[in-house]
Amino acid sequence: MKIDTNKFEKKLKDELNLVETELKTVARKNPENKNDWQAIPDDTEKDSPDVNEAADVIEEFGNNAGIADQLEIRLNEIKDALARIKDGTYGMCGVCGEEIPENRLEANPAANTCIEHAK
Ligand SMILES: [Zn+2]
């Protein structure tokens with residue numbers, strides 16, 4: 001394989017650390033399922049009798065959950081890409097098996113399809 005997987009493995013691991021760090025600010029790992037993250041509600045105002053503030057808490061929880069979902073999806077994409085480096089299928093389209101252009105991998109090291117088969 002002509003793709004320099006070491007270079008992309010490093011990029012992926014850097015991004016993995018970054019995404020995990022961000023994820024920890026909005027979510028915590030589910031103690032029963034280490035691959036699942038649960039959004040942390042911002043509960044500083046939880047006991048407030050003020051309805052508006054309670055609504056803010058709900059909104060904040062919604063935001064955290066939304067951000068956590070996005071980060072979790074990205075985290076899984078990165079983990080999948082790292083797994084493909086290990087099993088030697090990294091850089092190949094998951095649909096047609098063609099090589100993914102290196103400039104596409106530069107833009108998104110977790111890409112697992114060629115441009116034609118990108119969603
Ligand atoms: Zn393809």
Side-chain angles (χ1 to χ4, degrees):
M1 185 184 291
K2 58 190 171 184
I3 290 169
D4 180 3
T5 51
N6 286 336
K7 180 176 72 178
F8 290 111
E9 186 174 19
K10 190 185 177 305
K11 275 172 170 265
L12 285 161
K13 282 184 173 164
D14 285 350
E15 194 182 345
L16 186 77
N17 285 336
L18 205 76
V19 171
E20 264 193 333
T21 304
E22 277 187 51
L23 200 47
K24 277 175 193 155
T25 67
V26 292
R28 61 182 163 235
K29 276 186 180 171
N30 180 345
E32 281 150 30
N33 177 0
K34 294 239 179 326
N35 289 318
D36 189 31
W37 291 76
Q38 298 171 315
I40 303 166
D42 178 1
D43 59 5
T44 50
E45 315 271 354
K46 199 168 68 180
D47 298 325
S48 166
D50 188 300
V51 175
N52 287 330
E53 284 187 15
D56 284 348
V57 172
I58 291 163
E59 192 168 297
E60 177 77 18
F61 183 58
N63 289 342
N64 270 2
I67 295 163
D69 278 354
Q70 293 299 314
L71 289 170
E72 204 178 334
I73 289 167
R74 186 66 190 160
L75 193 70
N76 287 329
E77 285 175 357
I78 295 165
K79 283 182 175 171
D80 285 352
L82 286 167
R84 290 197 299 277
I85 287 176
K86 271 212 172 100
D87 70 20
T89 59
Y90 182 77
M92 284 184 263
C93 175
V95 179
C96 66
E98 291 289 315
E99 273 185 25
I100 299 170
E102 191 156 348
N103 60 3
R104 175 161 161 73
L105 293 171
E106 289 280 359
N108 177 13
N112 73 337
T113 58
C114 65
I115 291 161
E116 198 184 326
H117 295 114
K119 317 182 204 78

### Task
Could you check if a side-chain atom of Lys11 sits within less than 4.5 angstrom of a side-chain atom of Glu106, using non-hydrogen atoms only?
yes
### Message
With heavy-atom distances below 4.5 Å as the criterion, would you say the side chains of Ile40 and Val26 are in contact?
### Response
no
### Task
Name all residues meeting the side chain to side chain contact (heavy atoms under 4.5 Å, CB included) criterion together with Thr25; count only those two or more places apart in sequence or in a different chain, and write none if there are none.
none
### Query
Would a 4.5 Å heavy-atom cut-off, applied to side chains only, mark Asn112 and Cys93 as touching?
no
### Backbone of Gln38 reached by a side-chain donor or acceptor of Asn30 within 3.5 Å
no
### Message
To the nearest 0.5 Å, what is the distance between CG on Asn35 and CG on Asn76?
### Response
7.0 Å
### Message
So for atom NZ, which belongs to Lys13, do other residues, nucleotides or ligands contribute more than 12 heavy atoms lying within a distance under 6.0 Å?
### Response
no
#### Entry: Glu102 versus Lys7, closest heavy-atom pair with distance
OE2-NZ, 3.2 Å
Can you give each donor-acceptor pair under 3.5 Å made by side-chain atoms of residues 67-75, sequence neighbours left out, with the distance rounded to 0.1 Å?
from: Arg74; atom 1: NE; to: Glu15; atom 2: OE2; distance (Å): 2.7
from: Arg74; atom 1: NH1; to: Glu77; atom 2: OE1; distance (Å): 2.9
from: Arg74; atom 1: NH1; to: Asn108; atom 2: OD1; distance (Å): 3.2
from: Arg74; atom 1: NH2; to: Glu15; atom 2: OE1; distance (Å): 3.1
from: Arg74; atom 1: NH2; to: Glu15; atom 2: OE2; distance (Å): 3.1
from: Arg74; atom 1: NH2; to: Asn108; atom 2: OD1; distance (Å): 3.0

### Query
Taking side chain as C-beta onward, heavy atoms only, is Leu12 less than 4.5 Å from Ile85?
yes
### Query
Roughly how far apart are Glu98 CD and Met92 CE, rounded to 0.5 Å?
10.5 Å
### Message
As an exercise, state the distance from CG of Asp4 to CG of Leu105, rounded to the nearest 0.5 Å.
### Response
11.0 Å
### Query
Can Lys10 and Asp14 be said to form a salt bridge (charged side-chain N to carboxylate O under 4.0 Å, His left out), step by step?
CA-CA 6 Å; Lys10 190 185 177 305; Asp14 285 350; 3.0 Å; yes
### Query
How far apart are the closest heavy atoms of Lys79 and Leu16, and which atoms are they?
CG-CD1, 4.0 Å
### Side-chain donor/acceptor of Arg104 to backbone N/O of Thr113, under 3.5 Å
yes
### Query
Got Tyr90 and Glu9 here, is their nearest side-chain heavy-atom distance under 4.5 Å?
no
### Query
Does some side-chain heavy atom of His117 sit less than 4.5 Å from a side-chain heavy atom of Cys96?
yes
### Task
Would you indicate whether the side-chain heavy atoms of Phe8 and Arg84 approach each other to under 4.5 Å?
no
### Summary
Nearest heavy-atom contact between Ala39 and Asn64 is CB-C, 3.9 Å
